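Accompanying notes for the structure given below.
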There are 2 protein chains.
Amino acid sequence: MPPRPGLSKSELEVARMVWTLKDANVRSVHEAIAENRDIDFTTVQTYLRRLAEKGYLNVRLEGRSRFYSPRVRPRTVIRETVDDLVERLFGGEAMPLMKHLVEEGRFSDGEIDQLRQLIDRMEGADDEQ
Amino acid sequence: MPPRPGLSKSELEVARMVWTLKDANVRSVHEAIAENRDIDFTTVQTYLRRLAEKGYLNVRLEGRSRFYSPRVRPRTVIRETVDDLVERLFGGEAMPLMKHLVEEGRFSDGEIDQLRQLIDRMEGADDEQ
DNA sequence: TTGACACAATTACAAATGTACTCGATACTT
DNA sequence: AAGTATCGAGTACATTTGTAATTGTGTCAA
């Protein structure tokens, strides 16, 4: 259903970096990812190109290098991705995923409070876009 | 980190069917999936074989056809899958995913109550498996 | 000015994935 | 028994994904 090709796992990771950096060339994205795991510069370069091809990123030429920026809002990508997961892994039911997260995810008491408030605010409110 | 190869999106879907059916041959899995989307019998067959190769399913020969049953507990697969998603899409933070689900997932008031209770029971309790 | 670097664009390629065709063996029908 | 429909195992293959080697082009130090 999504209007563009889906993203692979690794592509997601790279996309997320661009969201955080807002506007970045290969070098800075590579540096950001390399902090966590070992990855080649050119590999990141490939991901960025593919993300742009798939319509997820804008590309701008500055000097002799390219700058990438988000073209689809994170929220949209997150929705599509999570929806797909929920569909495949839970047959479309989001509740089991919630339960899983609460049970497995080690939330601090503070976070739990935060969550409770979120839920309170949500109840009965059927507004969104 | 998982001790076996990860599952692809489609493989996940097929695995889930086997979890529900407990023990099934290609035909029954195919029928179950075909209710939702159009898919070839032999395609399902391939997924089942790969799932077994990857160590997710047990295979038993009965007559001249094979029966598949879960070998890894759903809970484990779910944990590995969700952990991976959280890592790639939210940099390892589960909270944003919770928020997303609460905001986007349309839960009924009843479900929200259910969730609230779950949270209450969770608070302070640092026990698991 | 001329190698030696630095950096990014291009090109490459094996493995994984989605998807199904082919073929052989049984079962069903006249 | 011969013909045909059924069903699943085996085989096939194009596309996508993960990952990087190669090539091209300025930059600087001797």
Side-chain angles (χ1 to χ4, degrees), chain A residues 1-2 4-18 21 23-34 36-57 59-68 77 80-81 84-85 87-89, chain B residues 1-2 4-18 21 23-34 36-57 59-68 77 80-81 84-85 87-89:
Chain A
M1 277 93 240
R4 33 208 137 51
L7 293 185
S8 77
K9 294 174 176 190
S10 302
E11 283 170 348
L12 268 186
E13 192 183 8
V14 174
R16 186 169 59 84
M17 282 307 170
V18 178
L21 296 171
D23 180 75
N25 58 3
V26 186
R27 183 125 312 265
S28 46
V29 176
H30 175 243
E31 275 167 10
I33 296 180
N36 303 324
R37 66 192 186 91
D38 195 43
I39 190 171
D40 195 279
F41 177 93
T42 57
T43 302
V44 175
Q45 201 169 27
T46 299
Y47 286 140
L48 286 169
R49 183 171 29 77
R50 286 179 187 166
L51 283 171
E53 277 165 10
K54 288 187 176 182
Y56 288 90
L57 299 181
V59 196
R60 171 173 52 84
L61 229 80
E62 190 171 305
R64 54 198 204 81
S65 65
R66 301 191 162 122
F67 278 72
Y68 296 87
V77 177
E80 288 169 1
T81 306
D84 184 72
L85 182 83
E87 191 61 43
R88 312 251 190 187
L89 196 52
Chain B
M1 280 96 248
R4 35 208 136 47
L7 293 184
S8 76
K9 293 175 177 191
S10 302
E11 284 169 348
L12 268 185
E13 192 182 9
V14 175
R16 185 168 62 82
M17 282 308 171
V18 178
L21 297 170
D23 180 74
N25 59 3
V26 186
R27 182 127 315 268
S28 47
V29 176
H30 175 242
E31 274 168 11
I33 297 181
N36 303 324
R37 66 192 186 90
D38 195 43
I39 189 170
D40 194 278
F41 176 93
T42 59
T43 302
V44 175
Q45 200 170 29
T46 299
Y47 285 140
L48 286 170
R49 183 168 29 76
R50 286 180 187 166
L51 249 0
E53 278 165 9
K54 289 187 178 184
Y56 287 91
L57 298 181
V59 197
R60 172 173 52 86
L61 227 80
E62 191 170 306
R64 53 195 204 80
S65 66
R66 303 197 161 121
F67 279 71
Y68 297 87
V77 177
E80 289 170 0
T81 307
D84 185 73
L85 182 83
E87 190 61 42
R88 312 253 189 187
L89 196 50

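These figures come from a predicted structure and were not determined experimentally. Per chain, numbering begins at 1; letters A, B, ... match sequence-line order.
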[atom1] of [X] versus [atom2] of [N]: gap in Å, rounded?
{"X": "A:Arg37", "N": "D:dT19", "atom1": "CZ", "atom2": "C1'", "value": "10 Å"}
{"X": "B:Asn25", "N": "D:dA9", "atom1": "CG", "atom2": "P", "value": "9 Å"}
{"X": "B:Leu48", "N": "D:dA9", "atom1": "CG", "atom2": "P", "value": "9 Å"}
{"X": "B:Leu12", "N": "C:dG18", "atom1": "CG", "atom2": "C1'", "value": "14 Å"}
{"X": "B:Glu13", "N": "C:dT19", "atom1": "CD", "atom2": "C1'", "value": "14 Å"}
{"X": "A:Glu11", "N": "C:dT17", "atom1": "CD", "atom2": "C1'", "value": "14 Å"}
{"X": "B:Glu53", "N": "C:dG18", "atom1": "CD", "atom2": "C1'", "value": "15 Å"}
{"X": "A:Asp40", "N": "C:dA9", "atom1": "CG", "atom2": "P", "value": "14 Å"}

Sugar-phosphate only, base, or nothing, as touched by A:Thr43 at under 4.0 Å among non-hydrogen atoms: base
Sugar-phosphate, base or nothing in reach of A:Arg49, heavy atoms under 4.0 Å: base
Taking only the side-chain heavy atoms of [X] (C-beta and beyond), determine which of [options] contains the nearest atom.
{"X": "B:Thr46", "options": "C:dA8, C:dA20, D:dA20", "result": "C:dA20"}
{"X": "B:Ser65", "options": "D:dA9, C:dA9, D:dG18", "result": "D:dA9"}
{"X": "B:Tyr47", "options": "D:dA9, C:dG18, D:dT25", "result": "C:dG18"}
{"X": "B:Arg64", "options": "C:dT19, C:dT26, D:dA20", "result": "C:dT26"}
{"X": "B:Arg27", "options": "D:dT19, D:dG18, D:dC7", "result": "D:dC7"}

Pair A:Glu87 + B:Arg37: basic N to acidic O under 4.0 Å: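 Looking at A:Glu87 and B:Arg37, the cut-off is not met.
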Ionic contact status for A:Glu53 with A:Arg49, cut-off 4.0 Å: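 A salt bridge is present here (some side-chain N lies under 4.0 Å from a carboxylate O).
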Using a cut-off of strictly less than 4.0 Å, decide whether [X] has a side-chain nitrogen or oxygen near OP1 or OP2 of [N].
{"X": "B:Arg66", "N": "D:dG10", "answer": "yes"}
{"X": "A:Ser10", "N": "D:dG18", "answer": "yes"}
{"X": "A:Lys54", "N": "D:dT17", "answer": "yes"}

Most 5' of B:Arg50 and B:Gln45 on DNA chain C, judged by nearest nucleotide: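 It is B:Arg50 whose nearest nucleotide is closer to the 5' end.
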Base of D:dA9 paired with side chain of B:Thr42 (donor-acceptor, under 3.5 Å):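 Between D:dA9 and B:Thr42, which were checked side chain against base, a qualifying N/O pair under 3.5 Å is absent.
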Minimum side-chain heavy-atom gap B:His30-B:Ile39 below 4.5 Å: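 Side chain of B:His30 against side chain of B:Ile39, heavy atoms only: contact under 4.5 Å found.
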Side-chain donor-acceptor contact under 3.5 Å, B:Asn25 with B:Ser28: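 Looking only at side-chain atoms, B:Ser28 and B:Asn25 do form a donor-acceptor pair, the distance falling under 3.5 Å.
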Distance-minimising heavy-atom pair for B:Lys9 and A:Leu7: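 So the two residues come closest at NZ-O, 4.1 Å.
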Of A:Asp38 and B:Phe41, the one whose closest DNA chain D nucleotide lies more 5': B:Phe41
Backbone N/O of A:Gly6 and side chain of A:Lys54: donor-acceptor pair under 3.5 Å: yes
